[in-house]
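First up is the structure itself, then whatever we jot down about it.
Below, all heavy atoms of this structure are taken into account, side chains as well, without hydrogens, waters or symmetry copies. Note on naming: letters A, B, ... go to the chains in the order of the sequence lines (proteins, then strands), and numbering restarts at 1 for each one.
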There are 2 protein chains.
Amino acid sequence: MPIQSPVWRSPITASDRVLLEIQRAIVEGDIPAGSKISEPELARRFNVSRAPLREALARLERCHLIERTPNAGARVVKLSPEGLLSLYQLREELEGLACRLAAENMPEHEVDELSALLDQHLNSQRVREGESYYQEEGDLDFHYRIILGSKNAYLINILCDELYFLVRMYRVQLGMNGPRVSRAFDEHKAIITAIANRDGELADLLMRRHIGASRKNIEIQLLQMRNEHDISN
Amino acid sequence: MPIQSPVWRSPITASDRVLLEIQRAIVEGDIPAGSKISEPELARRFNVSRAPLREALARLERCHLIERTPNAGARVVKLSPEGLLSLYQLREELEGLACRLAAENMPEHEVDELSALLDQHLNSQRVREGESYYQEEGDLDFHYRIILGSKNAYLINILCDELYFLVRMYRVQLGMNGPRVSRAFDEHKAIITAIANRDGELADLLMRRHIGASRKNIEIQLLQMRNEHDISN
DNA sequence: TCAAGGCAGATTGTCGACAATATGTAGCAA
DNA sequence: TTGCTACATATTGTCGACAATCTGCCTTGA
(Lines give C-alpha, C1' and ligand atoms only; values in the text may rest on other atoms or scores of the structure.)
Protein backbone atom coordinates (compact mmCIF):
# COMPACT_ATOMS: atom_id res chain seq x y z
CA MET A 1 0.00 0.00 0.00
CA PRO A 2 1.56 3.27 -1.06
CA ILE A 3 1.96 6.03 1.43
CA GLN A 4 0.06 8.95 0.10
CA SER A 5 0.77 12.57 0.75
CA PRO A 6 -0.81 13.81 3.98
CA VAL A 7 -1.79 17.06 2.34
CA TRP A 8 -3.64 15.20 -0.36
CA ARG A 9 -7.05 16.14 -1.67
CA SER A 10 -9.24 13.05 -2.07
CA PRO A 11 -8.64 11.81 -5.59
CA ILE A 12 -11.69 12.74 -7.59
CA THR A 13 -10.70 13.88 -11.03
CA ALA A 14 -9.22 11.71 -13.73
CA SER A 15 -5.95 13.60 -13.54
CA ASP A 16 -5.71 12.79 -9.81
CA ARG A 17 -6.19 9.10 -10.45
CA VAL A 18 -3.67 9.05 -13.28
CA LEU A 19 -1.19 11.01 -11.19
CA LEU A 20 -1.30 8.44 -8.40
CA GLU A 21 -0.90 5.55 -10.82
CA ILE A 22 2.06 7.07 -12.63
CA GLN A 23 3.67 8.13 -9.35
CA ARG A 24 3.52 4.55 -8.11
CA ALA A 25 4.79 3.22 -11.43
CA ILE A 26 7.77 5.56 -11.45
CA VAL A 27 8.65 5.14 -7.78
CA GLU A 28 8.60 1.36 -8.08
CA GLY A 29 10.52 1.35 -11.33
CA ASP A 30 7.61 0.04 -13.37
CA ILE A 31 8.34 2.95 -15.67
CA PRO A 32 12.14 2.83 -15.72
CA ALA A 33 14.27 5.75 -14.61
CA GLY A 34 15.60 7.79 -17.49
CA SER A 35 13.02 6.52 -19.97
CA LYS A 36 11.12 8.84 -22.24
CA ILE A 37 7.44 9.42 -21.56
CA SER A 38 5.08 9.26 -24.52
CA GLU A 39 1.88 11.20 -23.95
CA PRO A 40 -0.23 9.26 -26.47
CA GLU A 41 0.96 5.94 -25.09
CA LEU A 42 0.28 6.78 -21.45
CA ALA A 43 -3.07 8.32 -22.35
CA ARG A 44 -4.13 5.05 -23.97
CA ARG A 45 -2.71 3.00 -21.12
CA PHE A 46 -4.75 4.84 -18.49
CA ASN A 47 -7.82 5.41 -20.66
CA VAL A 48 -7.84 9.19 -20.48
CA SER A 49 -7.30 11.92 -23.02
CA ARG A 50 -4.12 13.92 -23.08
CA ALA A 51 -5.58 16.85 -21.15
CA PRO A 52 -5.73 15.22 -17.68
CA LEU A 53 -2.55 13.33 -18.49
CA ARG A 54 -0.67 16.58 -19.06
CA GLU A 55 -2.12 17.95 -15.83
CA ALA A 56 -0.67 14.89 -14.09
CA LEU A 57 2.68 15.36 -15.83
CA ALA A 58 2.84 18.94 -14.58
CA ARG A 59 2.45 17.67 -11.04
CA LEU A 60 4.97 14.90 -11.56
CA GLU A 61 7.47 17.54 -12.59
CA ARG A 62 6.68 19.36 -9.37
CA CYS A 63 7.77 16.40 -7.26
CA HIS A 64 10.91 15.97 -9.35
CA LEU A 65 9.92 12.59 -10.75
CA ILE A 66 10.06 13.72 -14.38
CA GLU A 67 11.80 16.48 -16.34
CA ARG A 68 10.14 18.26 -19.24
CA THR A 69 11.65 20.12 -22.16
CA PRO A 70 9.45 22.36 -24.34
CA ASN A 71 8.50 20.64 -27.59
CA ALA A 72 10.60 17.65 -26.68
CA GLY A 73 8.53 15.90 -24.06
CA ALA A 74 9.16 14.42 -20.64
CA ARG A 75 11.67 11.93 -19.27
CA VAL A 76 11.66 10.08 -15.98
CA VAL A 77 14.48 11.41 -13.83
CA LYS A 78 17.74 9.51 -13.72
CA LEU A 79 18.92 8.51 -10.28
CA SER A 80 22.47 9.40 -9.41
CA PRO A 81 24.63 9.26 -6.30
CA GLU A 82 25.04 13.04 -6.49
CA GLY A 83 21.28 13.50 -6.63
CA LEU A 84 20.77 11.27 -3.64
CA LEU A 85 23.35 13.14 -1.61
CA SER A 86 21.86 16.50 -2.63
CA LEU A 87 18.49 15.21 -1.48
CA TYR A 88 19.81 14.13 1.90
CA GLN A 89 21.66 17.41 2.40
CA LEU A 90 18.32 19.16 1.99
CA ARG A 91 16.51 16.74 4.25
CA GLU A 92 19.02 17.29 7.03
CA GLU A 93 18.30 21.01 7.05
CA LEU A 94 14.59 20.88 6.45
CA GLU A 95 13.72 18.07 8.82
CA GLY A 96 15.98 19.56 11.45
CA LEU A 97 13.93 22.74 11.14
CA ALA A 98 10.74 20.67 11.21
CA CYS A 99 11.81 19.16 14.54
CA ARG A 100 12.61 22.54 16.02
CA LEU A 101 9.22 23.88 14.97
CA ALA A 102 7.40 20.71 16.03
CA ALA A 103 8.83 21.16 19.51
CA GLU A 104 7.09 24.52 19.57
CA ASN A 105 3.91 23.81 17.66
CA MET A 106 3.03 20.12 17.76
CA PRO A 107 -0.11 19.62 19.84
CA GLU A 108 0.27 17.43 22.91
CA HIS A 109 -2.07 14.74 21.60
CA GLU A 110 -0.14 14.39 18.35
CA VAL A 111 3.05 13.90 20.33
CA ASP A 112 1.37 11.22 22.43
CA GLU A 113 -0.01 9.45 19.38
CA LEU A 114 3.36 9.35 17.68
CA SER A 115 5.02 8.13 20.85
CA ALA A 116 2.47 5.35 21.22
CA LEU A 117 2.86 4.44 17.57
CA LEU A 118 6.58 4.04 18.04
CA ASP A 119 6.11 1.63 20.97
CA GLN A 120 3.58 -0.31 18.95
CA HIS A 121 5.96 -0.60 16.02
CA LEU A 122 8.75 -1.63 18.32
CA ASN A 123 6.70 -4.53 19.66
CA SER A 124 5.40 -5.77 16.34
CA GLN A 125 8.89 -5.45 14.99
CA ARG A 126 10.45 -7.58 17.68
CA VAL A 127 8.07 -10.38 16.72
CA ARG A 128 9.18 -10.72 13.12
CA GLU A 129 12.72 -9.54 13.34
CA GLY A 130 14.55 -8.62 10.20
CA GLU A 131 11.44 -7.80 8.23
CA SER A 132 12.16 -4.50 6.58
CA TYR A 133 8.60 -3.32 7.02
CA TYR A 134 9.43 -0.76 9.63
CA GLN A 135 12.17 0.89 7.67
CA GLU A 136 9.79 1.36 4.76
CA GLU A 137 6.40 2.33 6.11
CA GLY A 138 7.02 3.15 9.74
CA ASP A 139 10.05 5.29 9.10
CA LEU A 140 8.28 7.43 6.52
CA ASP A 141 5.22 7.71 8.76
CA PHE A 142 7.39 8.91 11.62
CA HIS A 143 9.02 11.57 9.51
CA TYR A 144 5.72 12.67 7.99
CA ARG A 145 4.10 13.20 11.37
CA ILE A 146 6.90 15.36 12.66
CA ILE A 147 6.91 17.44 9.50
CA LEU A 148 3.16 17.95 9.82
CA GLY A 149 3.70 18.88 13.47
CA SER A 150 5.88 21.81 12.43
CA LYS A 151 2.73 23.61 11.21
CA ASN A 152 4.81 25.44 8.61
CA ALA A 153 2.78 25.14 5.41
CA TYR A 154 5.69 25.74 3.02
CA LEU A 155 7.91 23.28 4.82
CA ILE A 156 5.19 20.63 4.81
CA ASN A 157 4.53 21.16 1.15
CA ILE A 158 8.16 20.94 0.11
CA LEU A 159 8.97 17.88 2.14
CA CYS A 160 5.81 15.80 1.87
CA ASP A 161 4.63 16.75 -1.59
CA GLU A 162 7.82 17.46 -3.45
CA LEU A 163 10.75 15.59 -1.99
CA TYR A 164 9.44 12.45 -0.35
CA PHE A 165 8.40 10.69 -3.55
CA LEU A 166 12.01 10.96 -4.61
CA VAL A 167 13.18 9.58 -1.29
CA ARG A 168 10.91 6.58 -1.76
CA MET A 169 12.04 6.16 -5.36
CA TYR A 170 15.69 6.07 -4.32
CA ARG A 171 14.96 3.62 -1.52
CA VAL A 172 12.98 1.25 -3.70
CA GLN A 173 15.19 1.31 -6.75
CA LEU A 174 18.59 1.36 -5.10
CA GLY A 175 17.37 -0.98 -2.36
CA MET A 176 18.64 1.29 0.37
CA ASN A 177 16.96 -0.40 3.30
CA GLY A 178 20.13 -0.68 5.27
CA PRO A 179 20.91 -2.58 8.45
CA ARG A 180 20.07 0.42 10.60
CA VAL A 181 16.61 -0.79 11.58
CA SER A 182 17.19 -1.35 15.28
CA ARG A 183 19.26 1.77 15.68
CA ALA A 184 16.57 3.84 13.94
CA PHE A 185 14.13 2.86 16.71
CA ASP A 186 16.30 4.37 19.39
CA GLU A 187 16.96 7.49 17.38
CA HIS A 188 13.29 8.00 16.66
CA LYS A 189 12.49 7.52 20.33
CA ALA A 190 15.08 10.08 21.36
CA ILE A 191 13.74 12.60 18.86
CA ILE A 192 10.12 12.35 19.93
CA THR A 193 11.21 12.56 23.56
CA ALA A 194 13.02 15.81 22.85
CA ILE A 195 9.91 17.15 21.12
CA ALA A 196 7.74 16.06 24.04
CA ASN A 197 10.10 17.98 26.34
CA ARG A 198 9.71 20.97 24.03
CA ASP A 199 13.47 21.00 23.53
CA GLY A 200 13.60 22.19 19.94
CA GLU A 201 17.34 22.62 19.81
CA LEU A 202 17.98 19.03 20.85
CA ALA A 203 15.29 17.62 18.54
CA ASP A 204 16.87 19.57 15.67
CA LEU A 205 20.33 18.20 16.46
CA LEU A 206 19.11 14.62 16.82
CA MET A 207 17.20 14.69 13.56
CA ARG A 208 20.17 16.08 11.67
CA ARG A 209 22.32 13.35 13.14
CA HIS A 210 19.68 10.73 12.32
CA ILE A 211 19.47 11.70 8.66
CA GLY A 212 23.20 12.31 8.51
CA ALA A 213 23.75 8.72 9.67
CA SER A 214 21.49 7.49 6.88
CA ARG A 215 23.44 9.58 4.44
CA LYS A 216 26.76 8.15 5.53
CA ASN A 217 25.26 4.68 5.40
CA ILE A 218 24.22 5.35 1.83
CA GLU A 219 27.65 6.67 0.92
CA ILE A 220 29.17 3.44 2.16
CA GLN A 221 26.73 1.32 0.17
CA LEU A 222 27.41 3.37 -2.93
CA LEU A 223 31.14 2.85 -2.49
CA GLN A 224 30.62 -0.90 -2.14
CA MET A 225 28.45 -1.00 -5.25
CA ARG A 226 31.09 0.85 -7.19
CA ASN A 227 33.83 -1.49 -6.01
CA GLU A 228 31.83 -4.58 -6.95
CA HIS A 229 31.14 -3.03 -10.31
CA ASP A 230 34.79 -2.21 -10.88
CA ILE A 231 35.85 -5.73 -9.91
CA SER A 232 33.32 -7.43 -12.15
CA ASN A 233 34.61 -5.52 -15.16
CA MET B 1 12.61 44.74 -15.51
CA PRO B 2 11.48 41.68 -13.61
CA ILE B 3 14.08 39.32 -12.29
CA GLN B 4 13.47 36.04 -13.99
CA SER B 5 14.34 32.67 -12.67
CA PRO B 6 17.94 31.74 -13.42
CA VAL B 7 16.90 28.20 -14.29
CA TRP B 8 14.38 29.45 -16.79
CA ARG B 9 13.88 27.98 -20.20
CA SER B 10 13.66 30.71 -22.83
CA PRO B 11 9.97 31.60 -23.09
CA ILE B 12 8.74 30.00 -26.26
CA THR B 13 5.31 28.54 -25.80
CA ALA B 14 2.14 30.50 -25.16
CA SER B 15 1.87 29.04 -21.68
CA ASP B 16 5.36 30.35 -20.86
CA ARG B 17 4.41 33.84 -21.96
CA VAL B 18 1.14 33.80 -20.04
CA LEU B 19 2.90 32.42 -16.97
CA LEU B 20 5.36 35.32 -16.93
CA GLU B 21 2.59 37.89 -17.37
CA ILE B 22 0.40 36.47 -14.62
CA GLN B 23 3.39 36.05 -12.31
CA ARG B 24 4.21 39.72 -12.70
CA ALA B 25 0.58 40.72 -12.29
CA ILE B 26 0.22 38.75 -9.06
CA VAL B 27 3.57 39.77 -7.58
CA GLU B 28 2.87 43.44 -8.19
CA GLY B 29 -0.70 43.23 -6.95
CA ASP B 30 -2.24 43.92 -10.33
CA ILE B 31 -4.30 40.82 -9.65
CA PRO B 32 -5.14 41.35 -5.98
CA ALA B 33 -4.13 38.88 -3.29
CA GLY B 34 -6.99 36.61 -2.28
CA SER B 35 -9.03 37.24 -5.41
CA LYS B 36 -10.59 34.43 -7.38
CA ILE B 37 -9.12 33.55 -10.73
CA SER B 38 -11.53 33.06 -13.61
CA GLU B 39 -10.13 30.88 -16.35
CA PRO B 40 -12.36 32.20 -19.15
CA GLU B 41 -11.63 35.80 -18.19
CA LEU B 42 -7.84 35.37 -18.05
CA ALA B 43 -7.88 33.36 -21.27
CA ARG B 44 -9.60 36.25 -23.05
CA ARG B 45 -7.33 38.80 -21.41
CA PHE B 46 -4.15 37.13 -22.65
CA ASN B 47 -5.56 35.93 -25.96
CA VAL B 48 -5.01 32.24 -25.46
CA SER B 49 -7.27 29.27 -25.02
CA ARG B 50 -7.76 27.62 -21.66
CA ALA B 51 -5.25 24.85 -22.31
CA PRO B 52 -2.05 26.91 -22.05
CA LEU B 53 -3.68 29.00 -19.35
CA ARG B 54 -4.25 25.94 -17.20
CA GLU B 55 -0.66 24.88 -17.80
CA ALA B 56 0.39 28.28 -16.49
CA LEU B 57 -1.93 27.95 -13.48
CA ALA B 58 -0.34 24.61 -12.61
CA ARG B 59 3.05 26.30 -12.50
CA LEU B 60 1.72 29.24 -10.52
CA GLU B 61 0.52 26.78 -7.92
CA ARG B 62 4.01 25.33 -7.87
CA CYS B 63 5.51 28.65 -6.82
CA HIS B 64 2.81 29.15 -4.20
CA LEU B 65 1.25 32.18 -5.90
CA ILE B 66 -2.18 30.58 -6.27
CA GLU B 67 -4.13 27.79 -4.58
CA ARG B 68 -6.41 25.47 -6.48
CA THR B 69 -9.35 23.40 -5.32
CA PRO B 70 -10.78 20.66 -7.55
CA ASN B 71 -13.92 21.78 -9.33
CA ALA B 72 -13.81 25.09 -7.52
CA GLY B 73 -11.02 26.95 -9.27
CA ALA B 74 -8.01 28.93 -8.22
CA ARG B 75 -7.46 31.86 -5.87
CA VAL B 76 -4.47 34.13 -5.52
CA VAL B 77 -2.80 33.42 -2.19
CA LYS B 78 -3.56 35.67 0.74
CA LEU B 79 -0.56 37.27 2.39
CA SER B 80 -0.35 36.93 6.13
CA PRO B 81 2.22 37.72 8.80
CA GLU B 82 2.37 34.01 9.67
CA GLY B 83 3.05 33.12 6.05
CA LEU B 84 5.82 35.67 5.81
CA LEU B 85 7.49 34.38 8.95
CA SER B 86 7.17 30.77 7.76
CA LEU B 87 8.83 31.82 4.54
CA TYR B 88 11.72 33.49 6.30
CA GLN B 89 12.21 30.54 8.63
CA LEU B 90 12.68 28.40 5.54
CA ARG B 91 14.99 30.89 3.89
CA GLU B 92 17.25 31.00 6.92
CA GLU B 93 17.83 27.26 6.73
CA LEU B 94 17.97 26.90 2.97
CA GLU B 95 20.14 29.89 2.21
CA GLY B 96 22.40 29.03 5.09
CA LEU B 97 22.88 25.64 3.49
CA ALA B 98 23.36 27.33 0.12
CA CYS B 99 26.21 29.38 1.57
CA ARG B 100 27.89 26.35 3.08
CA LEU B 101 27.69 24.51 -0.24
CA ALA B 102 28.73 27.58 -2.23
CA ALA B 103 31.87 27.78 -0.12
CA GLU B 104 32.67 24.28 -1.35
CA ASN B 105 31.38 24.36 -4.89
CA MET B 106 31.24 27.92 -6.23
CA PRO B 107 33.86 28.35 -8.96
CA GLU B 108 36.51 30.96 -8.31
CA HIS B 109 35.43 33.18 -11.20
CA GLU B 110 31.82 33.28 -9.97
CA VAL B 111 33.04 34.38 -6.56
CA ASP B 112 35.13 37.13 -8.18
CA GLU B 113 32.25 38.30 -10.33
CA LEU B 114 29.88 38.53 -7.40
CA SER B 115 32.47 40.34 -5.34
CA ALA B 116 33.05 42.85 -8.13
CA LEU B 117 29.32 43.29 -8.57
CA LEU B 118 28.97 44.17 -4.91
CA ASP B 119 31.63 46.89 -5.15
CA GLN B 120 29.99 48.25 -8.26
CA HIS B 121 26.59 48.37 -6.54
CA LEU B 122 28.15 50.02 -3.53
CA ASN B 123 29.56 52.84 -5.65
CA SER B 124 26.45 53.48 -7.71
CA GLN B 125 24.42 53.32 -4.55
CA ARG B 126 26.47 55.97 -2.78
CA VAL B 127 25.72 58.31 -5.67
CA ARG B 128 21.97 58.29 -5.36
CA GLU B 129 21.61 57.55 -1.69
CA GLY B 130 18.29 56.39 -0.36
CA GLU B 131 17.12 54.99 -3.65
CA SER B 132 15.75 51.59 -2.82
CA TYR B 133 17.05 50.10 -6.04
CA TYR B 134 19.67 48.02 -4.37
CA GLN B 135 17.36 46.44 -1.87
CA GLU B 136 15.09 45.30 -4.68
CA GLU B 137 17.24 44.17 -7.57
CA GLY B 138 20.73 43.96 -6.17
CA ASP B 139 19.73 42.09 -3.06
CA LEU B 140 17.81 39.43 -4.97
CA ASP B 141 20.63 39.12 -7.47
CA PHE B 142 23.11 38.59 -4.67
CA HIS B 143 21.03 35.84 -3.11
CA TYR B 144 20.35 34.20 -6.48
CA ARG B 145 24.02 33.96 -7.33
CA ILE B 146 24.96 32.32 -4.08
CA ILE B 147 22.11 29.84 -4.38
CA LEU B 148 23.25 28.97 -7.89
CA GLY B 149 26.78 28.62 -6.56
CA SER B 150 25.67 25.83 -4.24
CA LYS B 151 25.32 23.54 -7.28
CA ASN B 152 22.58 21.61 -5.50
CA ALA B 153 19.84 21.23 -8.10
CA TYR B 154 17.00 20.64 -5.64
CA LEU B 155 18.01 23.56 -3.48
CA ILE B 156 18.26 25.86 -6.49
CA ASN B 157 14.89 24.76 -7.75
CA ILE B 158 13.11 25.24 -4.44
CA LEU B 159 14.58 28.63 -3.68
CA CYS B 160 14.73 30.29 -7.09
CA ASP B 161 11.70 28.74 -8.76
CA GLU B 162 9.32 28.14 -5.91
CA LEU B 163 9.93 30.52 -3.03
CA TYR B 164 11.46 33.69 -4.45
CA PHE B 165 8.37 34.85 -6.27
CA LEU B 166 6.62 34.86 -2.93
CA VAL B 167 9.46 36.78 -1.36
CA ARG B 168 9.13 39.42 -4.07
CA MET B 169 5.35 39.49 -3.70
CA TYR B 170 5.61 40.12 0.03
CA ARG B 171 8.22 42.83 -0.49
CA VAL B 172 6.23 44.64 -3.15
CA GLN B 173 2.81 44.43 -1.57
CA LEU B 174 3.75 45.00 2.05
CA GLY B 175 6.41 47.52 1.04
CA MET B 176 9.08 45.81 3.11
CA ASN B 177 12.08 47.69 1.83
CA GLY B 178 13.29 48.63 5.24
CA PRO B 179 16.00 51.00 6.35
CA ARG B 180 18.59 48.25 6.35
CA VAL B 181 20.09 49.17 3.01
CA SER B 182 23.53 50.28 4.15
CA ARG B 183 23.85 47.49 6.65
CA ALA B 184 22.94 44.90 4.01
CA PHE B 185 26.01 46.00 2.03
CA ASP B 186 28.36 45.11 4.83
CA GLU B 187 26.62 41.84 5.53
CA HIS B 188 26.73 40.84 1.89
CA LYS B 189 30.39 41.70 1.73
CA ALA B 190 31.17 39.62 4.79
CA ILE B 191 29.28 36.64 3.37
CA ILE B 192 31.04 36.65 0.01
CA THR B 193 34.37 37.05 1.78
CA ALA B 194 33.68 33.95 3.85
CA ILE B 195 32.77 32.06 0.69
CA ALA B 196 35.94 33.30 -1.02
CA ASN B 197 37.91 31.99 1.96
CA ARG B 198 36.09 28.67 1.55
CA ASP B 199 34.84 29.01 5.10
CA GLY B 200 31.44 27.36 4.72
CA GLU B 201 30.62 27.32 8.40
CA LEU B 202 31.08 31.07 8.73
CA ALA B 203 29.24 31.84 5.50
CA ASP B 204 26.34 29.71 6.76
CA LEU B 205 26.26 31.55 10.07
CA LEU B 206 26.44 34.98 8.48
CA MET B 207 23.67 34.27 6.02
CA ARG B 208 21.37 32.97 8.74
CA ARG B 209 22.07 36.10 10.74
CA HIS B 210 21.52 38.26 7.65
CA ILE B 211 18.10 36.78 6.90
CA GLY B 212 17.26 36.58 10.59
CA ALA B 213 17.87 40.32 10.85
CA SER B 214 15.49 40.92 7.96
CA ARG B 215 12.93 38.74 9.68
CA LYS B 216 13.18 40.66 12.91
CA ASN B 217 12.96 43.90 10.96
CA ILE B 218 9.77 42.63 9.38
CA GLU B 219 8.32 41.59 12.71
CA ILE B 220 8.86 45.12 13.99
CA GLN B 221 7.17 46.67 10.95
CA LEU B 222 4.25 44.30 11.33
CA LEU B 223 3.87 45.28 14.97
CA GLN B 224 3.90 48.97 14.02
CA MET B 225 1.30 48.39 11.31
CA ARG B 226 -0.93 46.61 13.79
CA ASN B 227 -0.59 49.36 16.34
CA GLU B 228 -1.45 52.05 13.80
CA HIS B 229 -4.41 49.99 12.71
CA ASP B 230 -5.60 49.51 16.27
CA ILE B 231 -5.26 53.22 17.00
CA SER B 232 -7.09 54.32 13.87
CA ASN B 233 -10.06 52.18 14.82
C1' DT C 1 32.93 9.01 -48.40
C1' DC C 2 30.91 12.53 -45.98
C1' DA C 3 28.28 16.64 -44.91
C1' DA C 4 24.29 19.56 -45.69
C1' DG C 5 19.62 19.93 -46.75
C1' DG C 6 15.04 18.43 -47.03
C1' DC C 7 11.26 15.29 -46.58
C1' DA C 8 8.05 12.03 -43.84
C1' DG C 9 6.51 10.55 -39.62
C1' DA C 10 5.69 11.18 -34.98
C1' DT C 11 5.22 14.10 -30.88
C1' DT C 12 3.99 18.15 -28.43
C1' DG C 13 1.28 22.62 -28.08
C1' DT C 14 -3.13 24.75 -28.76
C1' DC C 15 -7.91 25.16 -29.84
C1' DG C 16 -13.07 24.98 -29.49
C1' DA C 17 -16.85 22.18 -27.85
C1' DC C 18 -19.05 19.12 -24.61
C1' DA C 19 -19.73 16.87 -19.99
C1' DA C 20 -19.48 17.09 -14.98
C1' DT C 21 -19.62 19.82 -11.08
C1' DA C 22 -20.31 23.91 -8.22
C1' DT C 23 -22.78 28.46 -7.20
C1' DG C 24 -26.60 31.49 -6.72
C1' DT C 25 -31.58 32.23 -6.81
C1' DA C 26 -36.33 31.47 -6.52
C1' DG C 27 -40.05 28.91 -4.68
C1' DC C 28 -42.09 26.13 -1.20
C1' DA C 29 -43.07 24.10 3.31
C1' DA C 30 -42.73 24.32 8.30
C1' DT D 1 -39.17 34.25 8.88
C1' DT D 2 -36.27 30.32 8.32
C1' DG D 3 -34.55 26.39 6.18
C1' DC D 4 -34.71 23.25 2.48
C1' DT D 5 -35.24 21.81 -2.42
C1' DA D 6 -34.99 22.42 -7.29
C1' DC D 7 -33.62 24.76 -11.06
C1' DA D 8 -30.81 27.99 -13.98
C1' DT D 9 -26.36 29.70 -14.63
C1' DA D 10 -21.57 29.75 -14.64
C1' DT D 11 -17.20 27.42 -14.01
C1' DT D 12 -14.15 23.64 -14.21
C1' DG D 13 -12.74 19.00 -16.16
C1' DT D 14 -12.28 16.29 -20.28
C1' DC D 15 -12.32 15.22 -25.08
C1' DG D 16 -10.96 14.87 -30.05
C1' DA D 17 -8.87 17.38 -33.79
C1' DC D 18 -5.63 20.61 -35.79
C1' DA D 19 -1.26 23.37 -35.89
C1' DA D 20 3.60 23.88 -34.68
C1' DT D 21 7.74 21.65 -33.77
C1' DC D 22 11.09 17.98 -33.40
C1' DT D 23 13.46 13.41 -34.95
C1' DG D 24 15.30 10.24 -38.05
C1' DC D 25 16.22 8.98 -42.65
C1' DC D 26 17.17 9.75 -47.27
C1' DT D 27 18.71 12.29 -51.06
C1' DT D 28 22.06 15.21 -53.15
C1' DG D 29 26.21 17.40 -54.14
C1' DA D 30 31.07 18.19 -53.42
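- Within the nucleic acid shown, B/Ile37 comes within 4.0 Å of sugar-phosphate atoms alone, with no base atom in reach, counting heavy atoms only.
- Atom CZ of A/Arg75 is separated from atom C1' of C/dT12 by 15 Å (rounded to the nearest Å).
- Scanning for salt bridge (charged side-chain N to carboxylate O under 4.0 Å, His left out) contacts around A/Glu41 gives an empty result, with sequence neighbours left out.
- For the pair B/Arg68 CZ and C/dT21 P, the computed distance is 17 Å after rounding to whole Å.
- Under 4.0 angstrom from either OP1 or OP2 of D/dT12 there lies no side-chain N or O belonging to B/Arg50.
- When distances are taken from the side chain of A/Ser49 to each of D/dG16, C/dT14, D/dG13, the shortest belongs to D/dG16.
- Distance CD (A/Glu55) to P (C/dG13): 14 Å, rounded to an integer number of Å.
- Of the side-chain N and O atoms in B/Lys36, none sit less than 4.0 angstrom from OP1 or OP2 of D/dA10.
- Counting only heavy atoms from C-beta on, B/Asn71 has its side chain closest to D/dT12 among D/dT12, C/dC15, C/dT12.
- Nucleotide C/dT14 holds its C1' atom 12 Å from the CG atom of B/Leu53, rounded to whole Å.
- Taking atom CG of A/Asp16 as the reference point, atom C1' of D/dG13 lies 11 Å away to the nearest angstrom.
- Toward the 5' end of DNA chain D, the nearer of the two residues A/Pro52 and B/Gly73, judged by each one's closest nucleotide, is B/Gly73.
- When each of C/dT12, D/dT12, C/dC15 is scored by its nearest atom to the side-chain atoms of A/Arg54, the top-ranked nucleotide is C/dT12.
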message: Would A/Glu104 and A/Lys151 count as a side chain to side chain contact (heavy atoms under 4.5 Å, CB included) here? Give the steps.
response: CA-CA 9 Å; A/Glu104 295 174 20; A/Lys151 308 301 176 193; over 6 Å; no
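- Under 4.0 Å is where a charged nitrogen must lie from a carboxylate oxygen, and between A/Arg68 and B/Glu55 at least one such pair does.
- The shortest side-chain heavy-atom distance between A/Val111 and A/Ile195 falls under the 4.5 Å cut-off.
- Within the nucleic acid shown, A/Ala14 comes within 4.0 Å of sugar-phosphate atoms alone, with no base atom in reach, counting heavy atoms only.
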message: Apply side chain to side chain contact (heavy atoms under 4.5 Å, CB included) to residues A/Phe165 and A/Ile26 and explain how you reach the verdict.
response: CA-CA 9 Å; A/Phe165 292 100; A/Ile26 291 181; over 6 Å; no
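- Residue order along DNA chain D, read from the 5' end via each residue's closest nucleotide, puts B/Glu39 first among B/Glu39 and A/Asn47.
- Summarising the geometry, the separation between CZ on A/Phe46 and C1' on D/dG13 is reported as 19 Å, rounded to the nearest angstrom.
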